[in-house]
Number of protein chains: 2
Amino acid sequence: MDIQLKRGLLDVCVLAAIRDEDSYGYQIIKDMQPYIKMSESTLYTILKRLELSEMLTVRTAEHGGRLRKYYHITEAGIRRIEEFKEDWKEILSIYRFVTKEDTNA
Amino acid sequence: MDIQLKRGLLDVCVLAAIRDEDSYGYQIIKDMQPYIKMSESTLYTILKRLELSEMLTVRTAEHGGRLRKYYHITEAGIRRIEEFKEDWKEILSIYRFVTKEDTNA
DNA sequence: CGCAATACTTCGTGATACGATGTATTACGT
DNA sequence: ACGTAATACATCGTATCACGAAGTATTGCG
């Protein structure tokens, strides 16, 4: 998919991936794989950004002797998803503008 | 609307604005206004980019003593719109992933 | 012992939307 | 005649951001 098209989707996708249950980087990538692919460097950059903007909180936990950083969505993160749903109406109107065939004979 | 969300839409929107009829910068902005707002600097940057990638051709014409640059979509430009329609399927699947409520429990 | 998988991090690069600013002309009100 | 808005296009600098490359470290398997 066009890289520019992905940009607005990535943040909100990551939030959606931790919405129902806390998760960690490696798992998030795997969960999103069927929908949208992203490299590790991209994901960790996004997670850092979402943490800075307080869309999620981080907690470090040990799992099998290895450290994992678990991410938990905040109220602001949930609102961010809601805002995306609002934006979606505009996106749809743009989609119609772009795809509408020229029906003037 | 979220600026990142607009990124993937802008190019294809501009192409859609000249699809049925050649147009020029100032007019394009006005035509797209109801759907998506962009500054002049953004539009002219995009037009330059689309010209470089041969999605459109340019012709300068005089109109009321003033010069106008008219933009004409190419075959590649039309294909670009078709590719967007293909991408749309992926976008929809992402949208569903993001908006689906947690129905477990 | 070596290699894949897991897990996270850092760095540099290229793309790009935008505000600010500039140039020039036409049109309109007073 | 004068000033202001509208039309029309261009350039520059900045901030944001996705990505590949590369690195660190551990677990687990053959």
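Owing to the predicted nature of the structure, the values given are computational and were not obtained by experimental measurement.
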Could you go through nucleotides 3-7 of chain C and list every protein N or O atom that sits under 3.5 Å from one of its N or O atoms, giving the distance for each pair?
| from | atom 1 | to | atom 2 | distance (Å) |
| --- | --- | --- | --- | --- |
| dT6(C) | O2 | Arg66(A) | NH1 | 2.6 |
| dA7(C) | OP1 | Arg68(A) | NE | 2.8 |
| dA7(C) | OP1 | Arg68(A) | NH2 | 2.6 |
| dA7(C) | OP2 | Tyr24(A) | OH | 3.2 |

For Glu62(B) and dT7(D), give me the distance from atom CD to atom P, rounded to whole Å.
19 Å

Which parts of nucleotides 14-19 of chain C does protein reach within less than 4.0 Å, heavy atoms only, written one letter per nucleotide 5' to 3' as B for base, S for sugar-phosphate only and - for none?
-SBSBB

Side chains of Leu47(B) and Lys69(B): closer than 4.5 Å at any heavy-atom pair?
no

Please report, rounded to the nearest Å, how far the P atom of dT16(D) is from the CG atom of Leu50(A).
15 Å

Rounded interatomic separation in angstrom, taking CG from Leu9(A) and P from dC19(D)
12 Å

With sequence neighbours excluded, tell me which residues meet side chain to side chain donor-acceptor pair (under 3.5 Å) with Glu62(A).
none

Whole-Å distance separating the CG atom of Asp2(A) from the C1' atom of dC17(D):
14 Å

The single option from Ile46(B), Leu56(B), Thr57(B) that satisfies side-chain contact (heavy atoms from CB on, under 4.5 Å) with Glu51(B) is Leu56(B)

Residues at least two apart in sequence or cross-chain that pass salt bridge (Lys or Arg N to Asp or Glu O under 4.0 Å) with Asp22(A), listed by chain then number, are Arg59(A)

Presence of salt bridge, Arg80(B) and Asp2(A), under 4.0 angstrom:
yes

Distance check, rounded to the nearest 0.5 Å: Met38(A) atom CE versus Ile29(A) atom CD1?
7.0 Å

Given dT11(D), is OP1 or OP2 found less than 4.0 Å from the side-chain N or O atoms of Lys48(B)?
yes

Rounded to the Å, how far apart are Leu5(A) CG and dC17(D) P?
17 Å

Heavy-atom donor-acceptor pair, Arg19(A) side chain to Gly77(A) backbone, under 3.5 Å
no

Under a 4.0 Å heavy-atom cutoff, the residues of residues 79-97 of chain B touching DNA chain D are none

Contact between Phe84(A) and Leu9(A) at the side-chain level, heavy atoms closer than 4.5 Å - yes or no?
yes

N/O donor-acceptor pair under 3.5 Å between Lys100(A) side chain and Ala16(B) backbone
no

For Glu82(A), what residues pass the salt bridge (Lys or Arg N to Asp or Glu O under 4.0 Å) criterion, not counting sequence neighbours?
Lys85(A)

May I ask you to test the Lys48(B)-Tyr44(B) pair for a side-chain heavy-atom distance under 4.5 Å?
no

